[in-house]
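These numbers come from a predicted model, not from an experiment. In the text below, chain A, chain B and the rest are named by the order of the sequence lines, each starting its count at 1.
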Amino acid sequence: MRMKTEVNSNDLMSVCKRRGFIWPSFELYGGVAGMYDYGPTGFSLRNNIVEVWRDIYKGREGFVEIDSETVNPREVFKASGHVDNFEDLITYCTKCQAPFRADHLVKPFYENADVLSASDLEKAFIEHGVVCPECGGKLGPVEEFNLMFKTTIGPGSARIGYLRPETAQGIFVNFLNLYRYNREKLPMGVIQTGRGYRNEIAPRQGMIRMREFNMMEVELFVDPEDKDWVRFKDIENDILTLVPNTGDETVTMSVKEAVDKKIIANRVLAYFVNTTRQLLTRLGINPEKLRFRQHLKDEMAHYAADCWDAEVLLSYGWTEITGIADRGCWDLSRHAEFSGTELTHFKKFDEPKEMEVTKIIAKHKALGPKFKGKAKDISAAMESKTPGDIKNGNLTVNIDGEDIILTDEFFEIATVNEKVSGERVVPHVIEPSHGLDRIFYSILEHAYVFDEEKGYAVLRLKPEVAPIKVGVFPLMEKDGLDVLAKQIYEKVHTPRIEAYYDGAGTIGKRYARMDEIGTPWCITVDYEAFEGKDAGTVTIRDRDSSQQKRIPIDSVPSVIDSLLTGKPFSDL
RNA sequence: GCAAUCGUAAUCUAGCUGGUUAGGAUUCGAGCCUUCCAAGCUCGUCGCCCGGGUUCGAAUCCCGGCGAUUGCACCA
């Protein structure tokens, strides 16, 4: 069989559009770059991808799933760092129009150029004589550009909101709810699918960089001192293809070896790198076109402590489709700081410990007469301080914005024995974050083959993700063949197994149509179903080999079922 | 956002030195035919990206917008 497996993304997009996988959004009105709608087959494929992901994280790992808002108040992204980190200060050359990151231009003159404001930068251009590096022209005003879509919440413009650039924050801001729900235990895994939004300057490469995109995000909260995973030993000998950030070379080694050699930071991160490999290959990503690349130190996101990208080889080159990051305690610490609420895990000691603690004890007798009504607040504030906070014998507390300086007539330092049953720790977060649209597109590229003998494209989708599982045809739409075929269709078509009845045109055309949308099997009712030695049977055709076998009519649903659960066609 | 190239039906494409009923192929639909891999025949549906300008007349020339591809920049 002559097969062409190289993909031209235009050919693939043609098939996708014609066969209802994806459509450029708002084409009726000229289209909008970086936005796509999913058609019936595409949405079905996408849902199947999500189901496999769910099966692994919710099923095997026992994580819980939530759904949170896409519009978030500004505070959330102020805390997460997105407001500042997503906002670039841009300037354009007044002569050649070339755009530049304003802070990059003054980097040589400042230790920390990225803290400068727009007006600081404009002054800095004049002060240091900075001109356009391209043509020497004068630089224009410095403008803000934020990659987040901005909106307002409620009438007026009182409250600023942003469309979320990632779903993760919805999990972090619900940490306490989730933690209670999880009966205050770690590790705690939470998953969420949903849309994210980034106002890309120049969306390119089709579905690879979209302005509105779908994510499947996993946030795993772990004890910072216990970065292991229960099922690690089950997979420690699985083989990973890695590109560590120490060089450019690709290495293959077992998960265990990668951890032992400290290439991957810890066992839990390594486990989920491997889980990502399992997920992607199960979905139909070609294992030979899959690798995990470690982020370079300077490439790491503002929140990441270590990060590995799953990259697949597409017609566009190696493309990131999933990131597995150790976000450390960044997000929870920041939200704790900005919200003023403690977001910690109470880690119980095996045995309560007797500890000697030196602490500040407020002298209420002295405080009361002097501070009257404020005394209660002051004493509470004092006791939350430690002896280390005493400066020059005085202790300063802040009550309602007012600094109150207290001399040692108001407190004493005492050493007491306390029973401590545990400590509070900020959990670390392991985050496998999947770009659903990119995975979707990668699956299509890796499934696409052009069958030169047949003269049309075939999508060799894994049965588990194929939008339609089985086509049901009468050889001719007459002589009762159609009646029987419709009966069979009614039996196999269920909410879980999508079947497709087609009686029009020639049989070859109907097979071709199913091949093109990746339907793995077709049932055909022919005349032998009614007479001769094969009476009571129909044929089942395999997409990838075009082979056919005869199976009893009554067994059709169970045969499809067993094929779907992995039985090879050749074993029928 | 800049530059270059491009934009004709669901898809692929001819026409684009201004005047065509805008041509073909595939797909799609109806029918005939047909006993397993896009067969054949008949009929049919659907199109010049949008807006302005030049002109007696614009798919065709000019300008702007939108979209696509590529390069630059950007991609936390």
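- As rounded to the nearest Å, B:rA14 and B:rG7 have C1' atoms that lie 15 Å from one another.
- Annotation: B:rU45 and B:rA30 have their C1' atoms spaced 11 Å apart (nearest Å).
- When the side-chain nitrogen and oxygen atoms of A:K17 are compared with OP1 and OP2 of B:rU11, one or more of them lie within a distance under 4.0 Å.
- For B:rA22 and B:rC46, the P atoms lie 14 Å apart once the distance is rounded to whole Å.
- Looking at heavy-atom distances under 4.0 Å, A:Q548 makes contact with a base.
- A:F172 and A:H335 have tilted rings, their planes meeting at an angle from 30° to 60° on a 0 to 90° scale.
- Here A:S14 reaches the OP1 or OP2 of B:rC12: one of its side-chain N or O atoms lies under 4.0 Å away.
- Within the shown strands, B:rG71 is the pairing partner of B:rC2 under the Watson-Crick or G-U definition, both distances less than 3.5 Å.
- A distance of 6.0 Å or more separates the ring centres of A:Y500 and A:Y489.
- Contact of A:Y511 with B:rC36 (side chain to base): a donor-acceptor pair of N or O atoms is detected under 3.5 Å.
- Between A:Y511 and A:F473, the ring-plane angle classifies as tilted under the 30° and 60° cut-offs.
- With both ends at atom C1', the span from B:rC16 to B:rC62 equals 15 Å, rounded to whole Å.
- Of the C1' atoms belonging to B:rA59 and B:rC75, the separation is 38 Å, rounded to the nearest Å.
- Look at A:R513 and you'll find a side-chain N or O under 4.0 angstrom from OP1 or OP2 of B:rC28.
- Separation of the C1' atoms belonging to B:rG15 and B:rC61 is 16 Å when rounded to the nearest angstrom.
- Considering only side-chain N and O atoms, A:T506 lies under 4.0 angstrom from the phosphate OP1 or OP2 of B:rA39.
- B:rC36 atom C1' lies 12 Å from atom CG of A:L481, rounded to whole Å.
- A ring-centre distance under 6.0 Å is found for A:Y38 and A:F440.
- A:E516 comes within 4.0 angstrom of a nucleotide base, judged by non-hydrogen atoms across all strands.
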